[in-house]
Amino acid sequence: MSHLRSLNPLQLRAATYGKGPLLVLAGAGSGKTKVLTSRIAHLVIDKKLRPEGILAVTFTNKAAQEIRERLERLIGERADKIWAGTFHTIGLRIIREEAGRLGLKPGLTVYDEEEQLLLVNYVMSELSMSNRDLPYRTVLWEINLAKNNCLSPDEYARCGESDLRDAVAPVYRAYQKKLSAMNAVDFGDLIMKPIELLEKDEAALRKYRERFSSILIDEYQDTNRSQYTMTRLLASGRADLCAVGDPDQSIYGWRGASVENILKFREDYKDAVVVKLEQNYRSTSNILGAANSVIVNNEDRIEKNLWTGNLQGEPVVYEECLNEDEEARFVVKEIKRLKAADPAMKFRDFTVLYRTNTQSRPFEELFFEEGVPYTIIGGFRFFDRREIKDCLAYLKAIQNPDDSLNFLRIVNVPPRGIGKATLERVHRISDAHDASLYEAFRRARKEGALNRDASDFIGTFEMLRGEMPGMALHDFAGRVLDITGYEDFWARKRTEDADVRVKNLQGLVASVRKYAETHPKATLADYLNLVSLMSDADQVDGRQDRVTLMTIHSAKGLEFPVVFMAGMEEGLFPHKRSVEEETVEEERRLCYVGMTRARRLLFLTSAKHRTSGKETALQLPSRFIAEIGPAFVTKKAYVPAERIREHMDAIRKILNPG
DNA sequence: GTAATATAGCTTTTT
DNA sequence: GCTATATTAC
């Protein structure tokens, strides 16, 4: 039974406990992924369950991939048959299978945040509301929160009352209507739509309950109302359910996640068995001691005793620096020192974690200057660049003719003489006939209501639509960039950044090619869906020898021999908004998550002066620093350079009197 | 009617 | 620092 070898007794119990429901409370570094994969292997090998009946929900697609890879070693190619992915990936799979029953057409588009924001803008303009009346971002936030809480526009409008709710409700309603007209779904819908289906369609509910004989949910402490509901719908049949999580690592409350879900698991699922994994195999006892001494300050917490048999290791180091540049300098210095001291150390053994994405800048600059190879996870991704977004908008608009939002985005990019007046005219046609923007353009063209430029473009667009089915994906992407003049539009601008944009466009085509080659049967819709669902954390690539820079949120589930946590300052971490909103306990859990990523060495740094925007502020060390038990940490306050100079002078005088 | 340029306003964490 | 909008130029 090689798949159960090397499990400790509690891990073994979690992996082999018979019919669920089962709740595994797995502390940081307690071998959670190992238990999860062992359990799946056990279900397939010993319990003879069909792999296609196993649903494993993970927090990132990469985590799902990792489980699949580990599983492959245990059960071979059967590993590919299990359903493993994020709630969103699984939701999309169900939606695509059941598009018809949900009033959607095949080839639907998934809108990302930027597209959502454009749609909110669009809808609000139609309702004669502007960003000044109510910021688009606020509205979008509210809509997303409603969806995370599993509230339809009607339910949202009805539950509770506030001025904001009254203002947002009609926008949410109109937004949802537009989404379906555009044959598109947003992230929230990826969970809401399957719920809708399972609730209203008995046959569908039966089908999916029968399909999944076993369900495993990772990071259960970070599930929101919608995800909880989807889980309940699928699991309350005869499927056994195994939820894995750690309340101390709940860090997505702001996204609607509710620790309650894990806390009331035993009420929700009667006869649930709980297994606690409290032995940490990851960190030194100093690191674990430091992390524990921080997390115990949370009042709203279930007692847990995470321990380790690992060596004591070095004390955690806290270093206060002059400013953010010096903070970066300290990190580079330490990386170089540690690498010199131990040649076995690689760049990929180090990570720099921070609270906000903007903090990456000084590190990026200094790492570049000092020749330290690095990768930044999150922030501005390749797929968020304007030229890439434009190109994807072309592909989406061609692929899904109802997607008026993306059609609108590209119709006059590059500028081709389709301006405000033309668009207004076509919009009227679109409204009158309840047709998509593209459809309206075609009508206008037939009626001769378009000028030459517009008419030509619609002709080109139709031609491309016709060519799509017969072409390889990358050839088609290249063809679109060529024939629409989009690539040329940048190539003609002879500015420095235009060159980069052209290169990025070629990079995109290369990425499509790579995808097409590894997925020979995939359609354009498959590629576009994949790109929409790709998360930042999915990019972490341990094969490259680079230092990883990312937010603590993105580091969830990862581990590194050496961790630097930067910006340990009041106002930044805990963030000042969390202090205002009284969610400091979640910040503390975030701090705990960050600290427990470290295996051997943990460095905490702060800047005495930090510049944000054009203001430089005097910063105080984070309260979390003071919470660390003194036995586990060495603290060094910032000493101004003059003081060092005075000190050196004094020493010189002693050594060299007179 | 359309395109290029200036300005204001925001920047916590993300599937 | 970046984008959506307002203003001005073509």
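As the structure is a prediction and not an experimental result, all values here were calculated from the model. Letters A, B, ... mirror the listed sequences (proteins, then strands); counts begin at 1.
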Do A:K178's NZ or CZ and the ring of A:Y122 fall within the cation-pi criteria of under 6.0 Å and 45°?
-> no
Side-chain N,O (A:T422) to OP1/OP2 (B:dT2) below 4.0 Å = yes
Taking all non-hydrogen atoms of both residues, which atom of A:A454 and which atom of A:N451 are closest, and how far apart?
-> N-OD1, 2.8 Å
Determine: side-chain N/O of A:N131 to OP1/OP2 of C:dA4, distance under 4.0 Å, yes or no.
-> no
Sugar-phosphate only, base, or nothing, as touched by A:K576 at under 4.0 Å among non-hydrogen atoms | nothing
With centres under 5.5 Å and planes under 30°, do A:Y252 and B:dT13 count as stacked?
-> no
Map A:E113 and A:G417 onto DNA chain B by nearest heavy atom, then report which one ends up closer to the 5' terminus.
-> A:G417
Counting side-chain heavy atoms from C-beta on, which of B:dT13, C:dG1, B:dT15 comes nearest to A:R361?
-> C:dG1
Using atom CD1 of A:I251 as one end and atom P of B:dT14 as the other, report the distance to the nearest whole Å.
-> 9 Å
Quick one: label A:N61 by what it contacts on the DNA or RNA (base, sugar-phosphate, nothing), any heavy atom closer than 4.0 Å.
-> nothing
In whole angstroms, the gap separating P of B:dT14 from CG of A:N224 amounts to 16 Å
Separation of B:dT14 atom P from A:Q227 atom CD, nearest Å, is 16 Å
A:R255 CZ to B:dT14 P, in whole Å, measures 9 Å
Answer with base, sugar-phosphate or nothing: what part of the nucleic acid does A:E581 contact at a heavy-atom distance below 4.0 Å?
-> base
What's the CZ-C1' distance between A:R132 and B:dC10, to the nearest Å?
-> 15 Å
Going through the distances and angles, do A:E142 and A:Y172 end up as a side-chain hydrogen bond (donor to acceptor under 3.5 Å, both in side chains)?
-> CA-CA 9 Å; A:E142 193 69 8; A:Y172 180 18; over 6 Å; no
Is there a side-chain polar atom (N or O) of A:N148 under 4.0 Å from OP1 or OP2 of B:dT14?
-> no
Which of the following nucleotides, B:dT15, C:dG1, B:dT11, is nearest to the side chain of A:R137?
-> B:dT11
So how far is it from A:T351 OG1 to A:R597 CZ, rounded to the nearest 0.5 Å?
-> 11.0 Å
Verify the stacking flag for A:H575 against B:dT12: centroid separation must be under 5.5 angstrom and the ring planes must differ by under 30 degrees.
-> yes
Counting just side-chain N and O atoms, does A:N451 come under 4.0 Å of either OP1 or OP2 of B:dG1?
-> no
In whole Å, what is the span from the CG atom of A:N412 to the C1' atom of B:dA3?
-> 9 Å
Where the side chain of A:Y136 is defined as all heavy atoms beyond and including C-beta, which of C:dT5, B:dT13, B:dT15 is the nearest nucleotide?
-> C:dT5
Got more than 12 heavy atoms from elsewhere within 6.0 Å of CD, A:E582?
-> no
Closest-nucleotide ordering on DNA chain B, the 5'-leading residue of A:R416 and A:R355 | A:R416
How is A:T358 classified with respect to the nucleic acid when contacts are heavy atoms under 4.0 Å: base, sugar-phosphate, or nothing?
-> nothing
Among B:dA3, B:dT2, B:dT14, which nucleotide sits nearest the side chain of A:P415?
-> B:dA3
Would you kindly give the CG-to-P distance between A:L118 and C:dC2, to the nearest whole Å?
-> 18 Å
Hey, are the side chains of A:Q116 and A:I143 touching, using non-hydrogen atoms and a 4.5 Å cut-off?
-> no
Distance below 4.0 Å between A:N121 side-chain N/O and C:dT3 OP1 or OP2 | no
Rounded to whole Å, the CD-C1' distance (A:E114 to C:dT3) equals 9 Å
Would you please confirm or rule out a distance under 4.0 Å between OP1 or OP2 of B:dT14 and any side-chain N or O of A:T551?
-> yes
